[in-house]
Amino acid sequence: MRAASSVPKLSRQWPPSTLTRAWVTLLALSLASTLLTTLPAPPAFVGSSILILALIKARVILARYLDLADSPTWLRGFTFVMIAFGCLILALFLI
Amino acid sequence: MSDTSLIDELPGELLMWVLIISELLVFGAGLIAFMGVRLTDPSGFAEAQSHLYRTGAAFNTAVLVTSGFLAAQALHWHRAARRSAARLALIGSALLGVVFLIIKGVEYAGKAAQGITFETHPFFMFYYLLTGFHAAHVLAGVGILLFVAWRDDARNIEAGAQFWHMVDLVWIMLFPVIYLLG
């Protein structure tokens with residue numbers, strides 16, 4: 001793994017604006033998830049939308065908070081597993 | 001030929017990633033089991049879910065992602081030699097963890113006042129197990145954040161922040177499944 005104690009590479013030093021954008025995105029998506037449940041829409045649509053928003057939030061945390069944006073292979077792997085998990089949850093919800 | 005492996009690409013300590021993956025698998029299995037048992041009584045699960053304090057849980061999501069932001073910011077500031085700002089951010093992050101636990105406590109107290117326990121319905125068994133186990137991680141995370149604010153070298157802060165982001169990530173998946181998918 002990359003040594004945390006060594007002099008950090010520039011690419012690993014997220015500018016605050018990037019981190020702030022991630023935070024605002026997470027807040028907005030969380031609000032959207034909650035508001036979705038108040039819509040008079042079919043449960044399948046609401047459930048699918050909520051899970052998609054949750055997966056986007058998870059990816060933002062993995063990429064920006066957990067710093068995997070600089071490790072694209074790992075980010076892709078985590079994203080794939082999270083999407084598979086979301087699909088399984090959605091299938092169980094829709095049955 | 002490259003002298004780095006895929007493992008070397010991971011930020012921070014390998015053992016922290018082993019912990020993160022293990023925790024995600026445990027909570028993921030719990031949520032899949034929850035959705036599986038829901039199939040046996042979807043209307044009962046929907047009725048039970050209507051007793052949850054959804055607004056409080058949504059607010060707690062905002063609290064936790066803000067806390068995660070401060071923890072990530074602390075690492076950035078520490079690397080930029082802004083030590084005091086980094087420590088304050090870690091303490092702020094821990095305090096938001098305490099806010100999360102207070103709101104969770106109010107939610108549990110409300111359930112107790114309604115006479116809702118583990119045995120009321122299978123929904124509540126999963127609810128208490130998954131959210132309670134998560135709350136225990138939040139409690140541990142608060143202690144870890146305060147510890148790394150005290151012993152504030154970059155490796156400690158990165159490991160503490162990673163633990164906290166794992167707690168955040170688990171809640172991001174737990175919140176919609178337990179509170180929103182009715």
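Order of the sequence lines fixes the chain letters, A, B, ..., with proteins taken first and strands second; residue numbering starts at 1 for each chain.
- Within the 4.5 angstrom heavy-atom criterion, only side-chain atoms of A:I61, from C-beta onward, approach chain B.
- Distance OH/B:Y179 to OG1/A:T34: 11.5 Å, rounded to 0.5 Å.
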**Message:** side-chain contact (heavy atoms from CB on, under 4.5 Å), that's the test. Do B:Q73 and A:W23 meet it? Break it down for me.
**Reply:** CA-CA 11 Å; B:Q73 191 67 66; A:W23 172 54; over 6 Å; no
**Request:** Assess whether side-chain contact (heavy atoms from CB on, under 4.5 Å) is satisfied between B:L24 and A:F78, documenting all intermediate values.
**Result:** CA-CA 11 Å; B:L24 290 178; A:F78 272 96; 4.2 Å; yes
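- Under the 4.5 Å side-chain heavy-atom criterion for ILVMFWY residues, a single connected hydrophobic cluster contains both B:L25 and B:L169.
- Looking at B:F175, the atoms closer than 4.5 Å to chain A (heavy atoms on both sides) all sit in the side chain, from C-beta outward.
- Annotation: A:F45, atom CZ; neighbour count of heavy atoms from other residues, nucleotides and ligands within 6.0 Å does not exceed 12.
- The shortest side-chain heavy-atom distance between A:S33 and B:P176 does not fall under the 4.5 Å cut-off.
- Both B:F34 and B:L129 are members of a single hydrophobic cluster when ILVMFWY side chains are connected at heavy-atom separations under 4.5 Å.
- The two residues B:M173 and A:A58 make their nearest non-hydrogen contact at SD-CB, 4.2 Å.
- The neighbour count for B:F59 CZ, taken as heavy atoms of other residues, nucleotides or ligands under 6.0 Å away, does not exceed 12.
- With a 4.5 Å cut-off on non-hydrogen atoms, B:I157 does not touch chain A at all.
- A 4.5 Å side-chain heavy-atom check between A:L92 and B:R38 finds every atom pair outside the cut-off.
- Atom OG of A:S30 sits about 11.0 Å away from atom CG of B:N60, to the nearest 0.5 Å.
- The structure places CZ of B:R54 at 4.5 Å from OG1 of A:T37, a figure rounded to the nearest 0.5 Å.
- By the criterion of side-chain heavy atoms lying less than 4.5 angstrom apart, applied directly or through intervening Ile, Leu, Val, Met, Phe, Trp or Tyr residues, A:V81 is not grouped with A:L62; the two fall into different hydrophobic clusters.
- There is no contact between A:L36 and chain B, counting heavy-atom distances below 4.5 Å.
- Judged by distance alone, with hydrogens and angles left aside, the side-chain atoms of A:W74 form a donor-acceptor pair with the main-chain N or O of B:L6 at under 3.5 Å.
- Contacts between A:L88 and chain B at a heavy-atom distance below 4.5 Å involve the side chain alone, from C-beta outward.
- Put simply, A:L35 and B:I178 are part of two different groups of oily side chains (I, L, V, M, F, W, Y) that touch within less than 4.5 Å, one to the next.
- A:D67 CG to B:L75 CG: the interatomic distance, rounded to the nearest 0.5 Å, is 7.5 Å.
- Atom OH of B:Y53 is surrounded by 12 or fewer heavy atoms from other residues, nucleotides or ligands within 6.0 Å.
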**Asked** Should B:W17 and A:L66 be marked as a side-chain contact (heavy atoms from CB on, under 4.5 Å) after you check the CA-CA gap, both sets of side-chain angles, and the distance that decides it?
**Response** CA-CA 10 Å; B:W17 284 100; A:L66 276 165; 4.0 Å; yes
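- Using a 4.5 Å cut-off between heavy atoms, A:Y65 contacts chain B through both its backbone and its side chain.
- Hydrophobic clustering places A:L39 together with A:L90 (ILVMFWY residues linked when any side-chain heavy atoms are closer than 4.5 Å, directly or through intermediates).
- Chain A forms the most heavy-atom pairs under 4.5 Å with one residue out of B:T66, B:L39, B:T61, B:L31, and that residue is B:T66.
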**Item:** A:L68 vs B:L10, side-chain contact (heavy atoms from CB on, under 4.5 Å): CA-CA, chis, key distance, verdict
**Value:** CA-CA 7 Å; A:L68 284 184; B:L10 279 170; 4.0 Å; yes
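- Put simply, NZ on A:K57 and CG on B:D168 are 10.0 Å apart, with the number rounded to the nearest 0.5 Å.
- No more than 12 heavy-atom neighbours from other residues, nucleotides or ligands sit within 6.0 angstrom of CD on B:E119.
- The structure places CG of A:L19 at 8.0 Å from NE2 of B:H76, a figure rounded to the nearest 0.5 Å.
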